[in-house]
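First the structure, in the form of structure tokens, and then the observations on it.
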Amino acid sequence: MKLKIAILAGDGIGPEVTNEAVNILRAVAEFGGHDFSFVPLLLGGVAITATGSPLPTATLDACLESDAVLLGAVGDKKFDALSPDKRPEAGLLQIRHALGGFANLRPSIAYPALSANSPLRPEVTEGADILFVRELLGGLYFGSPREWNKSTGEAWNTMRYTKAEVARVAKVAFELASKRRKKVTSVDKANVLEVSQLWRATVTEVAKDYPDVTLEHQLVDSMAMHLMNIPRNFDVVLTENLFGDILSDEASIITGSLGMLPSATIGGAVNLFEPVHGSAPDIAGTGKANPLGAILTAAMLLRHSANLEQDAAAIEAAVRTVLADGNRTADIARGNVPDKSPAQHLVSTTEMGKLVHQALAQSIDQRQSMHAV
Ligand code: IPM
Ligand code: MN
């Protein structure tokens with residue numbers, strides 16, 4: 001299989017974690033005889049420094065010509081004083097908009113090996129396996145009018161959705177749920193917001209086409225509570241843009257670290273893959289960054305943009321193996337080690353990448369020798 005992947009490593013720890021994800025993709029290409037090419041491009045703070053723009057035209061054009069886009073992270077304290085439309089994050093929002101993917105998939109899984117890392121008790125997180133489907137192109141992030149009027153001291157943003165925008169992302173959630181545990185929890189604030197009433201009515205209508213999927217509605221405030229209370233009750237969680245931003249960070253508590261979470265944005269001209277975590281400038285260059293979020297993001301890329309399900313699952317299994325063996329980057333080394341778990345080894349970003357590579361190579365070797373029998 002031939003795949004051209006645009007690499008937008010970005011700022012802070014972005015380049016370090018993306019490097020490990022690319023190494024894993026190279027390994028998959030080598031093992032499977034695929035032809036993957038990687039095109040490094042500028043986005044975010046590094047793009048502002050080099051070109052004055054957080055999303056240079058050259059980057060956007062090249063992304064639109066690729067089969068998939070793999071992003072690291074954007075954001076740099078240097079640009080904190082700039083207005084929202086000039087900051088590194090503006091480049092991220094512009095590229096999301098230009099690529100057109102409206103469904104952002106964010107899995108949040110309780111890995112048994114990390115159960116001591118969550119501040120939640122192991123019996124609370126046990127068995128949790130949630131897939132957030134976050135609408136990514138609407139709501140407060142993109143609605144107009146939007147303004148900060150400095151002379152009157154007022155500011156406003158607009159949470160706007162059309163029925164069509166809600167229906168298309170709801171369909172993605174129901175399709176995914178029908179291949180999982182067949183439950184969709186739709187999140188809104190329909191007791192206060194008209195836009196949420198439209199959301200709820202539209203999702204209810206879409207649900208009629210999926211009779212074997214159960215639909216429940218939750219108000220966002222009580223959802224924030226239920227998510228920490230009984231996370232295993234949720235399968236697919238469907239949200240508008242801002243609610244999904246907030247709840248998916250909250251859900252990282254179930255896994256134990258934001259550094260573990262991958263994401264995929266589908267439905268547009270070119271799919272976009274980015275870990276959920278940010279650029280973490282405070283630990284950039286120290287070797288402390290966790291590359292597993294980026295590596296699991298590479299697995300999602302293989303699943304959603306190349307249909308290489310077996311390879312995606314092999315990467316995910318390799319990640320579970322290195323965790324079960326006790327390997328930990330700093331962010332996941334904090335928990336109290338339960339008596340029966342293996343000793344923990346503190347490893348750097350690149351060491352963690354190499355360990356996943358080894359585990360992956362072993363499992364692929366086994367797969368190939370099984371086929372040979
Ligand atoms: C995320 C991030 C972005 C968002 C920021 C960096 C614009 O927090 O991907 O969750 O709010 O969508
Ligand atoms: Mn966020």
Side-chain angles (χ1 to χ4, degrees), residues 1-11 14-15 17-19 21-22 24-26 28-29 34-75 84-106 133-139 141-144 162 164-165 168-169 171-172 241 244-245 262-276 278-279 294 297-308 312:
M1 141 150 318
K2 211 172 156 160
L3 213 56
K4 189 163 153 195
I5 306 171
I7 304 293
L8 312 184
D11 305 316
V17 298
T18 306
N19 202 21
V22 169
I24 295 296
L25 289 171
R26 281 192 207 284
V28 167
H34 303 299
D35 175 8
F36 293 173
S37 59
F38 302 93
V39 187
L41 299 159
L42 295 172
L43 177 82
V46 285
I48 300 178
T49 306
T51 72
S53 157
L55 173 59
T57 322
T59 296
L60 179 56
D61 290 349
C63 286
L64 287 167
E65 279 166 22
S66 3
D67 300 305
V69 176
L70 180 65
L71 202 148
V74 297
D85 60 323
K86 302 212 164 50
R87 291 166 59 112
E89 290 84 350
L92 175 59
L93 297 178
Q94 284 162 19
I95 189 128
R96 284 179 182 169
H97 196 260
L99 297 180
F102 53 83
N104 179 223
L105 318 184
R106 297 187 163 193
V133 177
R134 169 189 175 192
E135 201 291 328
L136 204 65
L137 293 186
Y141 279 67
F142 292 98
S144 58
T162 65
E165 284 168 341
R168 65 181 185 176
V169 73
K171 276 186 198 134
V172 171
N241 204 345
D245 180 45
S263 96
T265 303
I266 61 172
V270 182
N271 292 339
L272 171 66
F273 300 87
E274 44 177 323
V276 174
S279 58
T297 297
M300 293 190 89
L301 187 156
L302 296 176
R303 172 172 295 127
H304 295 283
S305 279
N307 220 1
L308 293 173

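Because only heavy atoms are used, hydrogens play no part in the values below, and waters and symmetry mates are left out as well, while side chains stay in.
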Step by step, would you call D35 with M1 a side chain to side chain contact (heavy atoms under 4.5 Å, CB included)?
-> CA-CA 6 Å; D35 175 8; M1 141 150 318; over 6 Å; no
Distance-minimising heavy-atom pair for I95 and C63 | CD1-SG, 3.7 Å
Do side-chain atoms of S66 reach the backbone of V69 as a donor and acceptor pair under 3.5 angstrom?
-> no
How would you list, by chain and number, every residue that makes a side chain to side chain donor-acceptor pair (under 3.5 Å) with S305, sequence neighbours excluded?
-> N271
Mind checking what makes ring-ring contact (aromatic ring centres under 6.0 Å, His included) contact with Y141, not counting sequence neighbours?
-> none
Value rounded to 0.5 Å, distance of CZ in F273 from CG in L105 = 8.5 Å
Taking every non-hydrogen atom, the tightest pair across P88 and G75 | CB-N, 3.8 Å
Scan for ring-ring contact (aromatic ring centres under 6.0 Å, His included) pairs involving residues 35-72, sequence neighbours excluded, and state none if there are none.
-> H34-F36
T18 and A294: which non-hydrogen atoms are nearest, and at how many Å?
-> N-CB, 4.5 Å
Distance (rounded to the nearest 0.5 Å) between E274 CD and M300 CE | 11.0 Å
Intermediate values then yes/no, side chain to side chain contact (heavy atoms under 4.5 Å, CB included), L137 and R168 | CA-CA 12 Å; L137 293 186; R168 65 181 185 176; 4.3 Å; yes
Please tell me if the side chains of V17 and T297 come closer than 4.5 Å, counting only heavy atoms from C-beta onward.
-> no
R96 vs T265, side chain to side chain contact (heavy atoms under 4.5 Å, CB included): CA-CA, chis, key distance, verdict = CA-CA 8 Å; R96 284 179 182 169; T265 303; 5.7 Å; no
For L92 and L71, run side chain to side chain contact (heavy atoms under 4.5 Å, CB included): C-alpha distance rounded to whole Å, both residues' side-chain angles, the deciding distance at 0.1 Å, then the answer.
-> CA-CA 9 Å; L92 175 59; L71 202 148; 3.7 Å; yes
Not counting sequence neighbours, list each pair that qualifies as a salt bridge (Lys or Arg N to Asp or Glu O under 4.0 Å) and has a residue in residues 55-68.
-> none
Taking all non-hydrogen atoms of both residues, which atom of P262 and which atom of V276 are closest, and how far apart?
-> O-CG2, 3.6 Å
Any side-chain heavy-atom pair of L3 and L25 under 4.5 Å | no
Would you call L93 and P84 a side-chain contact if the rule is heavy atoms closer than 4.5 Å?
-> no
With sequence neighbours excluded, what pairs up with E89 under the salt bridge (charged side-chain N to carboxylate O under 4.0 Å, His left out) test?
-> R87
Residues 41-55 side chain polar contacts: donor-acceptor under 3.5 Å, at least two apart:
from, atom 1, to, atom 2, distance (Å)
T49, OG1, G45, O, 3.0
T51, OG1, A47, O, 2.8
T51, OG1, S53, N, 3.1
T51, OG1, S53, O, 3.3
S53, OG, L55, N, 3.1
S53, OG, L55, O, 3.2

Rounded to the nearest 0.5 Å, the NE2 atom of H304 sits from the CG atom of L272 at a distance of 12.5 Å
Is a side-chain N or O of N241 found less than 3.5 angstrom from the main chain of L136, in a donor-acceptor match?
-> yes
